[in-house]
Amino acid sequence: MNLQEFLNNHPVDNLTEEIIVSPRFKNADGLPLKFTIKAMTSQEFEEIRKSATEIRKGRKVEFDAQKFNLRAVINHTIVPDFKDAASIQKLGCRTADEYVQKVLLAGEMSTIVSKIQELSGFDVGMNELIDEAKN
């Protein structure tokens, strides 16, 4: 198989992975409950980055990391569905942002964002790629 065939057989628009976020998430038998996340395409990454970037007076650019992280978690977590209207309403929240902040600890959100970024290719080190290519 050549590179072109590989790319054609492995599109990234529906790349998903199950992850364990925290020991806090367990079922009745004590087994971990897994989240399902999906990778960000370059277009999705750019849209989230733009939504978290503001141009202030004097053309000063300000990046809101919390807003970026919330958008990434909400839009790239498949299970659970952080956009589920019934869940949002049940906890007295008005938005998915409020809901995520009410149900996840800061470290849990950070873990999810990190895993989404890793799945999206941001945490792959060049040395790892070189070693893999050698083998």
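If you're wondering where the values come from, they're calculated on a predicted model, not measured in any experiment.
One distance of note links CG of Asp84 with CD of Gln89; it measures 10.0 Å at 0.5 Å rounding. Considering CG of Asp81 and OH of Tyr99, their distance stands at 8.5 Å, rounded to 0.5 Å. Going from atom NE2 of His76 over to atom CD1 of Ile116 covers 7.0 Å, rounded to the nearest 0.5 Å. In this structure, Leu33 CG and Glu18 CD are separated by 11.0 Å, a value rounded to the nearest 0.5 Å. To the nearest 0.5 Å, atoms NZ (Lys26) and CG (Leu31) are separated by 9.5 Å. The OG1 atom of Thr53 sits 8.5 Å away from the CD atom of Glu46 when rounded to the nearest 0.5 Å.
Using a 4.5 Å heavy-atom cutoff, the side chains of Val79 and Phe35 are not in contact. No side-chain heavy atom of Phe45 sits under 4.5 Å from any side-chain heavy atom of Ser120. Annotation: side chain of Lys38 is not in contact with side chain of Leu15 (no heavy-atom distance under 4.5 Å). When side chains are defined from C-beta on, Pro32 does not count as touching Phe25, because their heavy atoms never get closer than 4.5 Å. In this structure the side chain of Met40 never reaches within 4.5 angstrom of the side chain of Leu119, judged on heavy atoms. Between Ile37 and Ile78 there is no side-chain heavy-atom pair separated by less than 4.5 Å. Side chains of Gln66 and Gln101 form a contact here, defined as non-hydrogen atoms less than 4.5 Å apart. Looking at Ile88 and Thr95, their side chains never come closer than 4.5 Å, going by heavy atoms from C-beta outward.
Lys67 and Asp97 are not joined by a salt bridge, as no carboxylate oxygen comes within less than 4.0 angstrom of a charged side-chain nitrogen. In this structure, Lys115 does not pair ionically with Glu17, as no charged nitrogen and carboxylate oxygen lie closer than 4.0 Å. Checked for salt-bridge contact, Glu54 and Lys60 miss the test: no charged N lies under 4.0 Å from a carboxylate O.
Annotation: Glu47, atom CD; neighbour count of heavy atoms from other residues, nucleotides and ligands within 6.0 Å is above 12. Within 6.0 Å of atom CD in Glu5, more than 12 heavy atoms from other residues, nucleotides or ligands are found, so the atom counts as buried in its surroundings. Within a 6.0 Å sphere centred on CD1 of Ile55, heavy atoms belonging to other residues, nucleotides or ligands number 12 at most.
Of the possible donor and acceptor atoms, one in the side chain of Thr41 sits under 3.5 Å from a partner among the backbone N and O of Glu44. Although no hydrogens or angles enter the test, the distance criterion places a donor-acceptor pair under 3.5 Å between the side chain of Glu108 and the main chain of Leu105.
Criterion: ILVMFWY side-chain heavy atoms under 4.5 Å apart, direct or through other members. Under it, Val100 and Leu91 are part of a common hydrophobic cluster.
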message: Assess the residue pair Asn75 and Phe82 against the criterion (side chain to side chain contact (heavy atoms under 4.5 Å, CB included)); give the C-alpha distance rounded to whole Å, side-chain angles, the decisive distance to 0.1 Å, and a yes or no.
response: CA-CA 8 Å; Asn75 293 317; Phe82 291 122; over 6 Å; no

field: Verdict with reasoning, Leu104 to Val21, per side chain to side chain contact (heavy atoms under 4.5 Å, CB included)
entry: CA-CA 10 Å; Leu104 294 177; Val21 173; 5.6 Å; no

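Ring planes of Phe68 and Phe63: tilted class, angle from 30 to 60°.
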